[in-house]
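Remarks on the structure that follows.
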Amino acid sequence: MKLELSLIKKIKPILFIILIFPSFYWFINLYLGKMGINPIDETIRKLGEFSLRLLILTLLVTPIAKINLFRNIVMLRRMIGLFAFYYICLHLSTYIILDHFFNWNFILKDIYKRPFITFGFFSFLLTIPLALTSNNFLVKKLTYKIWKRIHKLIYFITPFACLHYYLLTKADKTEPLVYFFIIILLLLFRLINYLSKKGSFPR
């Protein structure tokens, strides 16, 4: 028994609304002056945290799909991944436009001098090929094998994004450390699964 494809198709528009809602909510609150004493910083932080959670959720889909009942949940992974990219773009755009008003000289120096900005920007660059190839046309053009190799970049993007968050957090680092722990578990799951298939690991 597993979730029917028809049910997954019904879930998709609901998931779309759930995932897009926070962005409208935060920007409306920013406009209304309800984002605290440092509204732009708070908006950037909210967008960044949510994008990291979505990246982790994207990694989480595969282990969940190993359970027969939830096998078809992989059909939702592309949407979740694209929303992660959407929030990463909003996170970066808010930093560039609202925080620094297109001051490219300062922004480039910031990327170079501050490690947490460096890791964040590098994570963004790595997400671009994933977003561009997240359509059926390019899957066919590239072949599934090449497409799958490109999308393994997620194994680097998520830890880098988490490191960006960890270095950014100045006080209580519990949350980024929890995310690191989850990411390590999810990557270990994939490594064990890979070695099991290759016969290099006890089944």
Side-chain angles (χ1 to χ4, degrees), residues 19 22-23 25-27 29-30 35-63 77-78 80-134 148-192 194:
L19 294 181
S23 61
Y25 176 76
W26 290 325
F27 278 110
N29 279 343
L30 176 63
M35 289 297 283
I37 53 174
N38 293 309
I40 294 173
D41 285 349
E42 182 65 10
T43 305
I44 292 171
R45 186 182 67 81
K46 291 282 189 185
L47 293 167
E49 286 177 355
F50 197 64
S51 61
L52 177 57
R53 288 167 191 158
L54 290 178
L55 287 171
I56 293 170
L57 185 57
T58 306
L59 285 177
L60 189 58
V61 168
T62 298
R77 182 168 51 197
R78 183 182 297 182
I80 297 168
L82 285 172
F83 264 108
F85 182 70
Y86 166 72
Y87 278 95
I88 290 167
C89 287
L90 288 180
H91 175 67
L92 180 62
S93 299
T94 306
Y95 164 77
I96 291 172
I97 300 169
L98 299 182
D99 199 21
H100 296 298
F101 305 102
F102 298 104
N103 186 341
W104 295 112
N105 188 44
F106 177 87
I107 290 166
L108 290 173
K109 284 181 180 177
D110 216 18
I111 292 169
Y112 177 73
K113 288 184 176 180
R114 296 206 284 176
F116 82 90
I117 299 286
T118 308
F119 281 112
F121 186 69
F122 190 55
S123 297
F124 164 71
L125 292 179
L126 291 178
T127 60
I128 294 173
L130 272 68
L132 292 177
T133 57
S134 288
K148 196 171 182 180
R149 285 179 182 173
I150 292 170
H151 281 252
K152 284 181 179 178
L153 286 171
I154 191 70
Y155 304 154
F156 300 96
I157 292 165
T158 311
F160 285 149
C162 195
L163 186 56
H164 163 69
Y165 182 40
Y166 176 83
L167 294 173
L168 170 65
T169 307
K170 294 176 182 177
D172 185 6
K173 293 182 181 284
T174 303
E175 191 173 346
L177 286 173
V178 169
Y179 291 149
F180 260 128
F181 180 71
I182 295 169
I183 291 165
I184 289 167
L185 286 180
L186 291 171
L187 294 180
L188 278 174
F189 170 84
R190 280 166 170 77
L191 178 62
I192 292 168
Y194 173 79

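Owing to the predicted nature of the structure, the values given are computational and were not obtained by experimental measurement.
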Looking at every non-hydrogen atom in both residues, tell me the closest pair between [X] and [Y] and how far apart they are.
| X | Y | answer |
| --- | --- | --- |
| Thr158 | Leu52 | O-CD1, 4.1 Å |
| Arg190 | Thr62 | NH2-OG1, 3.1 Å |
| Pro176 | Thr169 | CG-OG1, 3.9 Å |
| Ile56 | Leu186 | O-CD1, 3.8 Å |
| Ala84 | Leu55 | CB-CD2, 3.9 Å |
| Val61 | Ile80 | CG2-CD1, 4.2 Å |

Contacts of [X] that satisfy side chain to side chain contact (heavy atoms under 4.5 Å, CB included) - sequence neighbours left out:
| X | answer |
| --- | --- |
| Phe122 | Leu126, Phe160 |
| Ser134 | Arg78, Leu82, His151 |
| Tyr112 | none |
| Leu125 | Phe121, Ile128 |

State, with a plain yes or no, whether a side-chain heavy atom of [X] is found less than 4.5 Å away from one of [Y].
| X | Y | value |
| --- | --- | --- |
| Trp26 | Leu90 | no |
| Leu59 | Phe189 | no |
| Leu153 | Pro129 | yes |
| Phe102 | Ile107 | no |

Can you tell me how far apart [atom1] ([X]) and [atom2] ([Y]) are? Round to the nearest 0.5 Å.
| X | Y | atom1 | atom2 | value |
| --- | --- | --- | --- | --- |
| Ile184 | Leu191 | CD1 | CG | 12.5 Å |
| Ile40 | Ile44 | CD1 | CD1 | 7.0 Å |
| Ile96 | His91 | CD1 | NE2 | 10.0 Å |
| Phe124 | Ile111 | CZ | CD1 | 10.0 Å |
| Leu92 | Ile97 | CG | CD1 | 9.0 Å |
| Phe119 | Leu168 | CZ | CG | 13.5 Å |

Tell me if the [atom1] atom of [X] is crowded by more than 12 foreign heavy atoms within 6.0 Å.
| X | atom1 | answer |
| --- | --- | --- |
| Tyr155 | OH | yes |
| Lys173 | NZ | yes |
| Tyr86 | OH | yes |

Residues in ring pair (Phe, Tyr, Trp, His ring centres under 6.0 Å) with Phe116, at least two apart?
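Ring pair (Phe, Tyr, Trp, His ring centres under 6.0 Å) check on Phe116 returns His164.
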Among residues at least two apart in sequence or on other chains, which ones pass side-chain hydrogen bond (donor to acceptor under 3.5 Å, both in side chains) with Thr118?
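So Thr118 forms no side-chain hydrogen bond (donor to acceptor under 3.5 Å, both in side chains) with any residue.
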Once side-chain hydrogen bond (donor to acceptor under 3.5 Å, both in side chains) is applied, do any residues pair with Asn38, and if so which ones, sequence neighbours excluded?
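Testing Asn38 for side-chain hydrogen bond (donor to acceptor under 3.5 Å, both in side chains), a comparison that skips the adjacent residues, returns none.
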Could you give all pairs that pass the side chain to side chain donor-acceptor pair (under 3.5 Å) test and reach residues 41-55, with sequence neighbours left out?
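Every pair satisfying side chain to side chain donor-acceptor pair (under 3.5 Å) with a residue in residues 41-55: Glu42-Arg45, Arg45-Glu49, Glu49-Tyr165, Arg53-Glu175, Arg53-Tyr179.
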Residue pairs passing the side chain to side chain donor-acceptor pair (under 3.5 Å) test where at least one lies in residues 95-104, sequence neighbours excluded:
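Residue pairs with at least one partner in residues 95-104: Tyr95-Asp110.
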